[in-house]
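Basis for what follows: all heavy atoms, side chains included, without hydrogens, waters or symmetry-related copies. All residue numbers in this chain count up from 1 along the given sequence.
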Amino acid sequence: MKKKIIFTFILCSILVIPLGANYFASVKYDLNQANILEEDKEDLLMGRHHLVTEYKEDETSKKYASISLKNKINIPAYKTMVKEHSSKKQTRNLNEIEKEKYLSDIIKVIKESDASFDEKDYKIEYSLPNEEENTGTIFLTYYIDNLVETNKVYLVEIVNGVVENITLGGVLEENIKEISSTDNEELKEIASEFAGAKKEKAIIEKSTEFFKTNEILNKDNTIRKDNLTEEVVNSKEQIIYDYNSKKLQYVLSIVYKTPTNTYDGEAIEIDLN
């Protein structure tokens with residue numbers, strides 16, 4: 001399946017609607033607006049903000065689990081942490097300095113609620129839409145052996161340097177049991193087998209418009225950047241497992257410049273199970 005991508009800007013979200021492994025705030029961010037600075041476009045295009053492929057109004061009524069905060073967690077230096085450790089290129093692993101200096105209390109609270117939580121299995125991303133008020137959101141996304149991204153994501157909402165909410169986003173409360181019962185080894189095996197000629201053929205069958213030739217893979221099975229057409233600005237590959245639908249998918253997100261000098265996007269999705 002090939003889908004149009006809607007660009008959205010992650011705000012300190014009063015309402016965060018999880019869809020599969022993608023998360024977005026209720027406020028849409030139009031990448032093509034004339035008043036958007038080039039550096040802001042770059043942040044969006046480089047994956048600092050999530051790409052969303054569809055929107056469903058009824059998602060707001062579904063229930064997601066929140067962690068009860070017995071004590072106030074203060075992060076007065078949140079904006080400093082974001083500036084020190086944030087990476088423009090991708091969601092990344094936690095490093096020991098930021099964990100010990102800024103995140104230890106948050107991790108402790110999550111572990112009290114989730115005995116399986118191990119920070120080594122999670123990747124982190126920040127948003128800082130309001131630097132003046134020291135307000136934003138931390139996203140902790142669970143990965144299976146650094147290979148399969150999942151829709152198990154802890155969203156930590158920070159307002160004025162204080163943790164307001166910690167929510168287990170993505171996985172509906174009724175499906176949390178699926179996390180422990182899922183066969184991770186099977187998912188890893190399926191994901192690993194999606195390679196070489198099999199992967200190349202599956203992608204080409206979905207779309208050829210963004211490739212110069214049909215030889216689209218490097219030797220390490222990643223997409224060849226030099227084989228993408230000139231209008232492509234950025235591309236991102238993911239293998240994603242959704243605990244709600246029990247669906248494992250390969251997703252290739254492509255951002256490209258249109259003839260009218262605006263930006264647009266497509267997501268090529270391939271079911272793996």
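The CG atom of Leu187 sits 9.5 Å away from the CG atom of Leu147 when rounded to the nearest 0.5 Å. Atom CD1 of residue Ile158 and atom CD1 of residue Ile166 lie 9.0 Å apart, to the nearest 0.5 angstrom. In this structure, CG on Leu168 lies 5.5 Å from CD1 on Ile179, to the nearest 0.5 angstrom. In this structure, Glu164 CD and Thr137 OG1 are separated by 11.0 Å, a value rounded to the nearest 0.5 Å. We find the NZ-OG1 distance between Lys199 and Thr222 to be 6.5 Å, quoted to the nearest 0.5 Å. Note: Asn244 CG to Asn151 CG = 5.5 Å, rounded to the nearest 0.5 Å.
The two atoms that bring Lys206 and Ile268 nearest to each other are CB-CG2, 3.6 Å, heavy atoms only. The minimum heavy-atom distance between Tyr64 and Val171, with the atom names listed, is CD2-O, 3.5 Å. Across every non-hydrogen atom of Thr213 and Arg224, the tightest pair is OG1-NH1, 4.3 Å. Annotation for Tyr78 and Thr135: closest pair CE2-C, 4.3 Å, computed over non-hydrogen atoms. Scanning both residues, Ala191 and Val148, for their nearest heavy atoms gives CB-CG2, 3.9 Å. Heavy-atom minimum distance, Lys79 versus Asn134: N-OD1, 2.9 Å.
No more than 12 heavy atoms of other residues, nucleotides or ligands sit less than 6.0 Å from atom CD1 of Ile97. Residue-environment remark: NZ (Lys111) exceeds the threshold of 12 foreign heavy atoms within 6.0 Å. Surrounding NZ of Lys212 are more than 12 heavy atoms belonging to other residues, nucleotides or ligands, all under 6.0 Å away. The local environment of CD in Glu112 is crowded, with over 12 non-hydrogen atoms from other residues, nucleotides or ligands closer than 6.0 Å.
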Run the side-chain contact (heavy atoms from CB on, under 4.5 Å) check on Asn146 and Asn93 step by step: do they pass? CA-CA 9 Å; Asn146 210 35; Asn93 296 322; 4.2 Å; yes

Step-by-step salt bridge (charged side-chain N to carboxylate O under 4.0 Å, His left out) determination, Glu269 to Lys247: CA-CA 11 Å; Glu269 299 180 350; Lys247 184 182 289 186; over 6 Å; no

Let's go through Ile138 and Tyr154 carefully: what are the C-alpha distance in whole Å and the side-chain angles of both, what is the deciding distance for side-chain contact (heavy atoms from CB on, under 4.5 Å) to 0.1 Å, and is it a yes or a no? CA-CA 8 Å; Ile138 298 172; Tyr154 282 101; over 6 Å; no

May I have the step-by-step check of side-chain contact (heavy atoms from CB on, under 4.5 Å) for Lys246 and Tyr241, ending in yes or no? CA-CA 7 Å; Lys246 300 182 184 179; Tyr241 184 71; 3.5 Å; yes

Which is it for Glu205 and Lys201 under the side-chain contact (heavy atoms from CB on, under 4.5 Å) test, yes or no, and what are the steps along the way? CA-CA 6 Å; Glu205 285 179 351; Lys201 181 182 177 183; 3.0 Å; yes

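In the hydrophobic cluster analysis, where Ile, Leu, Val, Met, Phe, Trp and Tyr join through side-chain heavy atoms closer than 4.5 angstrom, Val163 is grouped together with Leu94. Grouping the Ile, Leu, Val, Met, Phe, Trp and Tyr side chains by contacts below 4.5 angstrom, directly or via other members, places Ile190 with Tyr142. Taking hydrophobic clusters as Ile, Leu, Val, Met, Phe, Trp and Tyr residues chained together by side-chain heavy-atom distances below 4.5 Å, Ile270 shares a cluster with Phe211. Residue Ile203 is grouped with residue Leu272 when hydrophobic side chains (ILVMFWY) are merged at heavy-atom distances under 4.5 angstrom, including chains of intermediate members. Hydrophobic clustering, with ILVMFWY side chains joined whenever heavy atoms are under 4.5 angstrom apart, groups Tyr243 together with Ile67.
The closest donor-acceptor contact from the side chain of Asn175 to the backbone of Glu178 lies at 3.5 Å or more, if one exists at all. Side-chain N or O atoms of Asn227 include one that pairs as donor or acceptor with a backbone N or O of Glu215 at under 3.5 Å. Between the Ser180 side chain and the Lys177 main chain, a donor and an acceptor come within less than 3.5 Å of each other. In terms of modelled atom types and a separation under 3.5 Å, the side chain of Thr262 and the main chain of Thr258 share no donor-acceptor contact. Of the possible donor and acceptor atoms, one in the side chain of Asn95 sits under 3.5 Å from a partner among the backbone N and O of Glu98. Between the side chain of Glu133 and the backbone N or O of Val159 there is no donor-acceptor pair closer than 3.5 Å.
A donor-acceptor pair shorter than 3.5 Å cannot be found between the side chains of Lys225 and Asn218. Side-chain atoms of Glu231 and Thr229 include a donor-acceptor pair closer than 3.5 Å. Side chains of Glu209 and Tyr256: a donor-acceptor N/O pair is absent below 3.5 angstrom, by distance only. In the model, Thr208 has no side-chain atom that pairs as donor or acceptor with a side-chain atom of Asn214 under 3.5 Å.
With sequence neighbours left out, Lys99 forms a side-chain hydrogen bond (donor to acceptor under 3.5 Å, both in side chains) with Glu96, Glu119.
Ion pairing between Asp114 and Lys152 holds under the 4.0 Å rule for side-chain N and carboxylate O. Using a cut-off of 4.0 Å between Lys/Arg side-chain N and Asp/Glu carboxylate O, Glu149 and Lys123 are scored as not salt-bridged.
Phe139 has its side chain out of reach of Ile124: every pair of non-hydrogen atoms, C-beta onward, lies at least 4.5 Å apart. Side-chain contact between Leu140 and Ile110: present, with at least one pair of heavy atoms (C-beta onward) separated by less than 4.5 Å.
Between Phe194 and Tyr250, the ring planes are tilted. Angles from 30° to 60° get that label.
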